[in-house]
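To keep things clear, I will list the structure first and then write my remarks on it.
Values below: all heavy atoms of this structure, side chains included; hydrogens, waters and symmetry mates excluded.
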Amino acid sequence: MIIIIDAQANQEERATLLAMVEQAAGHRRPVAATCIGENEVIAIDHATLDAQMLEAIRRQPAVAQVLTLNTPYQLVSRHFKASPTRILVGDPRYCEPVTIGGEQATPVIMAGPCAVESREQLLETARAVKEAGATVLRGGAFKPRTSPYQFQGLGLEGLQLLAEAREETGLPIITEVMEPEMVEVVADYADILQIGARNMQNFPLLQAVGRRGRGKPVMLKRGLSATIDEWLLAAEYIVAAGNPQVILCERGVRSFDPQTRNLLDLACVPLLHELTHLPVIVDPSHATGRRELVPTMARAGIAAGAEGLILEVHPDPNSALCDGRQSITPAELRTIVYETRLMVQIMHGADRLSQVA
Ligand code: PEP
Ligand code: MN
């Protein structure tokens, strides 16, 4: 259940309402009080409230509207907020800001190496992806690797190199945060906090980026075997904790067939647009695991209506310390950017072409 607070309500009326909802919920049921767009809201599982209590809450002067949704997720639901959420990325003092999602969205292209490997590798890639038309630089400083013997990322040094690349190119940066304790440190550098597939249901981490992510947008990757509802509930954790700026990233799910690294679920893109107001972007690199499939699946992602792409790019993919097999070259990225522009033209008409990255 979502209670929308009347913008005219005074402090006392608001406090009375919140206290009443908290009392009704009891100690065992969390109550989320946060802001979504212009609305201040309180979200709670209404199954725990009896009819009399519900009626008393409805009559409170601070209540503008009470919505009872029959989905497990609430604040991320399109039934709660019909207009698509527009996410603002980057501080204009340090980079060229970009918007992701919203009405009339034009796809964002995020690109860069899987992992920050060295100053030379990152700066060379950053310059090349900018030149190719990307508007956000990706790069992992903290890497969640399957084997403890694989390259684990440069850590703090990687964050500093990303900041240097942003300063030189003006590209906002996206990088992964793996632990709740590191959220503030990563948020000091990143313009978008990435939650990796392996951490999609790391609930303390989701709450940490919601509460302590310095207001930075979060890109939540789909878990390796997560259902859409589980994914949306993971997004709900972040929003309920106080951060409404969440981007969903489809990066493929585990399938029975090892020919591709994962199975890219493109139907989830239009489905998510029905279920949620959050923007959705597609990661054809992790979804396929094969660089030769990336350009085609990038086009397919845009055709499915994604608000953007995230792509792994390396100047010399065969020597990459991480995910080289799926990394494309800057020249291939340039073609994808060009094709994205054509796709947008086909889908939305020439008037939007000039706005594409
Ligand atoms: C990545 O983006 O490099 C990454 C580790 O992705 P995922 O969490 O989707 O596997
Ligand atoms: Mn990777």
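Between Gly301 and Leu266, the shortest heavy-atom distance links the atoms CA-CD2, 3.8 Å. Heavy-atom minimum distance, Met178 versus Asn202: O-ND2, 4.1 Å.
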Using side-chain contact (heavy atoms from CB on, under 4.5 Å), reason through Arg251 and Asn262 one step at a time and then give a plain yes or no. CA-CA 8 Å; Arg251 44 78 74 208; Asn262 290 294; 3.4 Å; yes
Quick one: do Gln326 and Arg261 satisfy side chain to side chain donor-acceptor pair (under 3.5 Å)? Show the steps, please. CA-CA 9 Å; Gln326 67 199 30; Arg261 184 174 178 184; 2.8 Å; yes
Evaluate the side chain to side chain donor-acceptor pair (under 3.5 Å) criterion for residues Glu307 and His273: first the C-alpha distance (whole Å), next the side-chain angles of each, then the deciding distance (0.1 Å), finally the verdict. CA-CA 10 Å; Glu307 276 92 354; His273 285 145; 2.9 Å; yes
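Put simply, the side chain of Asn39 does not reach to within 4.5 Å of the side chain of Ile5, judged on heavy atoms. Taking the side chain as every heavy atom from C-beta outward, Arg291 and Arg325 approach each other to under 4.5 Å. When side chains are defined from C-beta on, Lys221 does not count as touching Glu176, because their heavy atoms never get closer than 4.5 Å. Looking at heavy atoms from C-beta onward, Arg138 lies out of side-chain contact with Thr175 at the 4.5 angstrom threshold. Using a 4.5 Å heavy-atom threshold, the side chains of Leu171 and Glu96 count as separate. Looking at Glu13 and Leu17, their side chains never come closer than 4.5 Å, going by heavy atoms from C-beta outward. With a 4.5 Å cut-off on side-chain heavy atoms, Leu232 and Leu248 count as touching. Two residues are said to be in side-chain contact when any heavy atoms from C-beta on lie closer than 4.5 Å; Ile336 and Val294 meet this criterion.
Following chains of ILVMFWY side-chain contacts shorter than 4.5 Å, one cannot reach Tyr237 starting from Ile42, and the two form parts of different hydrophobic clusters. Val253 and Trp231 are not part of a single hydrophobic cluster, where members link through side-chain heavy atoms under 4.5 Å apart. A chain of hydrophobic side-chain contacts below 4.5 Å, direct or via other Ile, Leu, Val, Met, Phe, Trp or Tyr residues, connects Leu271 to Tyr73.
Using modelled atom types, one finds no donor on one side chain facing an acceptor on the other under 3.5 Å when comparing His79 with Gln74. A side-chain N or O of His286 and one of Asp323 form a donor-acceptor pair less than 3.5 Å apart. Looking only at atom types and distance, the side chain of Thr329 has a donor-acceptor partner in the side chain of Glu332 under 3.5 Å away. With hydrogens and angles left out, the side-chain atoms of Ser77 and Lys81 include no donor and acceptor closer than 3.5 Å.
Contacts of Tyr94 classified as ring pair (Phe, Tyr, Trp, His ring centres under 6.0 Å), with partners at least two apart in sequence or in another chain: none.
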Only pairs under 3.5 Å count here: list side-chain donor-acceptor contacts from residues 222-230, not counting sequence neighbours, and write none if there are none.
unit_1, atom_1, unit_2, atom_2, d
Arg222, NE, Ala226, O, 3.0
Arg222, NH1, Glu250, OE1, 3.0
Arg222, NH1, Asp265, OD2, 2.8
Arg222, NH2, Ala226, O, 3.0
Thr227, OG1, Glu230, N, 3.1
Thr227, OG1, Glu230, OE1, 3.4
Glu230, OE1, Thr227, N, 2.9

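Here the options are Leu137, Ile192, Ile173, the test is side chain to side chain contact (heavy atoms under 4.5 Å, CB included), and the partner is Met110; only Ile192 passes. Of the listed residues (Thr71, Thr276, Ile2), just one forms a side chain to side chain contact (heavy atoms under 4.5 Å, CB included) with Phe80, and that residue is Ile2.
Proximity of a side-chain donor or acceptor of Arg334 to a complementary backbone N or O of Gly133 within less than 3.5 Å is not detected. Remark: the backbone N or O of Ile36 is not paired with any side-chain donor or acceptor of Glu38 at under 3.5 angstrom. For Gln207 (side chain) and Pro204 (main-chain N/O), no donor-acceptor pair under 3.5 Å exists by modelled atom type. Distance alone, capped at 3.5 Å, places no donor-acceptor pair between the Thr169 side chain and the Arg127 backbone.
Comment: Asp191 engages Arg166 in a salt bridge, judged by a side-chain N to carboxylate O separation of less than 4.0 angstrom.
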